[in-house]
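Contents: one structure, followed by commentary.
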Amino acid sequence: MKKATFKIRRKIILAFVFCFLSVLMFAIFSFQVHREIGHRLRLVEVADDLVNNVLEIRRFEKNFFLYKQSASLAEALSYVKSVEELYVKQEHDAHPLSRDGKGPAFLEILGRYRAALSRLQSGFPESAAGPSQPATTGTEESLRTVGQELLDMAGAWAREERARIDLLFRQALTLFVVSMLLFGVLGVFVAFYISRRLTGPMILMQQAMEKIAHGDFTRIAEEEHRSEEFLPLFRAFNRMIVELEERQEQLLQARKISAIGTFTSGIAHELNNPVNNIVLTAEALKEDFGDLDREEALGMVQDIIAQSERASEIIKNLLDFSRSERPEMVSVSLSSVILDTLKLLRNQLLLSGVEAHTDLPEKLPSVRGDYKSLQQVFLNLFLNAIHTMPNGGTLTTKASVVDDGKWLHVEVADTGSGIETEHLPRIFDPFFTTKEVGKGTGLGLSVTYGILQKHGGSIEVQSEKGSGTTFTIILPGEQGTPE
């Protein structure tokens, strides 16, 4: 079943819209909390004014009881009127003073207090003054009780408003901490999402390009990334990989043809011997045919057949090497690859005066790979070694087993001119060569590097100018080759 694709742009827009809505919600909640704090601060001011006015009432009340002056009662009544006006103006916000039906409301108590003051004022003669004047003890006691109740209610309201402000401040702090945590989580989520949807595919393509540079043409899995933006890009990238792989095969074939041209003279010399032997034996048979007995004639015919088979084998090896075939990973004996490659170069070595020595264990483990590709690897290394020894030398090929057969090391060492130290980091780069112009393409070691990468192996080099060069091929043994 085909999976549905999606647009990264739409996903990113939705993510940022969600973040914007989250910020907007935080801003709304924060605005509400701060507006409520401001409202409560104004109510605290009103409650404090109410408390202060009640305290003034009680002060004039005490002055009256101490000095028995009617002016104190008049002042107290004026403050009662101020308290009443203040309460009526803020009655909607001063709902705690209504007691919610659980007791007498503030205004009711204030009315009782005014009535008590009025009774005292009406029963106290204006000409009387001084602490010696009599007073109604019951009325005084009631006035004190009601006045204290008014003060308690106003003070309780002020304390309640301050407690609410403190609670709002704690809520604002909690909202700030929660919002910071939320924004942090959202930031990480959005960053991870963008990284996964945008930078993730980019990194995947970068890794694929690095693999291509090393000869690995593994395609990107298109089904893992279904975005409408990247899916066409991945498909185009995979088509490019297919084209590059085909060009790589063509390059490998071209390198084979180049190698054939390099040792053509050796092949010609090797073919010349059996052909000359065939011609000489055939002429001798023709001239002495009448004088030869049957056994001698058959012997000469057998020599002709043997020389023909030798020439046929040389041509067959050359054709097998030059044939273009798709790589096939099978169990391969490295010893056979090395020895067959040396057979191809037998006369090239002879003409160059190079002695070839091999040190191959009898039970060298097999590797999983393509025979012709591995033969191309050793042919490139052997030809490079021969070119560095124009006046003759020694070419040594030594194989060893490492880590109980998990890895095979093959050293190809020569006694040639060596490589400059500054050139060593670049010798596997495409088109880099230390040979004279027209005598090298700079592709041999690059192709070799790519082939070994495909086989899960690698190659290392050690060289000093004038002291020869040693290439070490590292390949996984068949038991350590990943499926």
Side-chain angles (χ1 to χ4, degrees), residues 255-256 259-260 262-263 265-267 269-270 317 321 332-367 369 371-403 405-421 423-425 427-428 433-435 439-440 444-449 451-452 455 457-477:
R255 182 61 188 172
K256 286 183 180 180
I260 292 173
T262 301
F263 58 79
S265 59
I267 295 294
H269 186 273
E270 190 170 357
N317 290 337
F321 173 73
V332 176
S333 169
L334 271 186
S335 297
S336 299
V337 173
I338 294 170
L339 294 176
D340 288 346
T341 307
L342 287 173
K343 284 181 182 179
L344 283 174
L345 295 171
R346 181 169 50 193
N347 279 278
Q348 186 76 16
L349 293 167
L350 183 62
L351 293 173
S352 301
V354 175
E355 295 184 5
H357 299 286
T358 58
D359 183 4
L360 307 175
E362 293 183 4
K363 296 183 179 180
L364 186 67
S366 300
V367 298
Y371 191 93
K372 294 294 184 295
S373 297
L374 292 175
Q375 194 174 21
Q376 176 74 45
V377 167
F378 288 102
L379 182 67
N380 291 339
L381 295 180
F382 292 160
L383 285 175
N384 283 346
I386 292 172
H387 291 159
T388 63
M389 298 181 288
N391 299 321
T394 303
L395 173 63
T396 304
T397 307
K398 180 181 179 181
S400 59
V401 180
V402 179
D403 200 7
K406 291 184 179 179
W407 295 94
L408 274 67
H409 288 194
V410 181
E411 294 182 0
V412 178
D414 63 64
T415 57
S417 57
I419 304 172
E420 297 282 357
T421 304
H423 293 160
L424 288 176
I427 61 172
F428 297 109
T433 179
T434 57
K435 298 177 183 177
K439 292 189 177 181
L445 289 178
S446 175
V447 170
T448 296
Y449 185 88
I451 293 173
L452 292 174
H455 286 73
S458 60
I459 184 170
E460 299 173 355
V461 60
Q462 292 180 341
S463 181
E464 291 183 9
K465 190 65 177 177
S467 300
T469 303
T470 300
F471 287 95
T472 303
I473 296 172
I474 303 172
L475 285 169

Is there a donor-acceptor pair under 3.5 Å between the side chain of Thr469 and the backbone N or O of Ala413?
-> no

Measure the shortest side-chain to side-chain distance between Leu364 and Leu408 over non-hydrogen atoms and say whether it is less than 4.5 angstrom.
-> yes

Could I get the full list of side-chain hydrogen bond (donor to acceptor under 3.5 Å, both in side chains) partners for Ser352, not counting sequence neighbours?
-> none

Between CG of Asn384 and CG of Leu379, what distance do you get to the nearest 0.5 Å?
-> 9.5 Å

Atom of Pro361, atom of Ala399 and distance for their closest heavy-atom approach | CD-O, 3.4 Å

Under 3.5 Å, side-chain donor or acceptor atoms of residues 332-340 against the rest of the protein: list the pairs with distances, not counting sequence neighbours.
from, atom 1, to, atom 2, distance (Å)
Ser333, OG, Ser336, N, 3.4
Ser333, OG, Ser336, OG, 3.4
Asp340, OD2, Tyr371, OH, 2.2

For Ser463 and Gly468, work out which heavy atoms get closest and say how close.
-> OG-O, 3.1 Å

Does any N or O in the side chain of Thr415 come within less than 3.5 Å of the main-chain N or O of Gly393, such that one atom is a donor and the other an acceptor?
-> no

Ala356: side chain to side chain contact (heavy atoms under 4.5 Å, CB included) partners, not counting sequence neighbours = Leu342, Leu349

Indicate yes or no: at least one non-hydrogen side-chain atom of Asn380 is less than 4.5 angstrom from one of Ile451.
-> no

From Lys398 atom NZ to Thr470 atom OG1, the distance as rounded to the nearest 0.5 Å | 10.5 Å

State, with a plain yes or no, whether a side-chain heavy atom of Phe378 is found less than 4.5 Å away from one of Val410.
-> yes

State the CD1-CG distance between Ile386 and Leu381, to the nearest 0.5 angstrom.
-> 11.0 Å

Is there side-chain contact between Val367 and His455, with at least one heavy-atom pair below 4.5 Å?
-> no

Spacing of Ser417 atom OG and Asn391 atom CG [to the nearest 0.5 Å] | 10.5 Å

Close side-chain approach of Leu374 and Leu475, heavy atoms under 4.5 Å = yes

How many angstroms lie between atom CD of Glu355 and atom OG1 of Thr394, to the nearest 0.5 angstrom?
-> 5.5 Å

Taken to the nearest 0.5 Å, the spacing of Ser467 OG from Asp414 CG works out to 11.0 Å

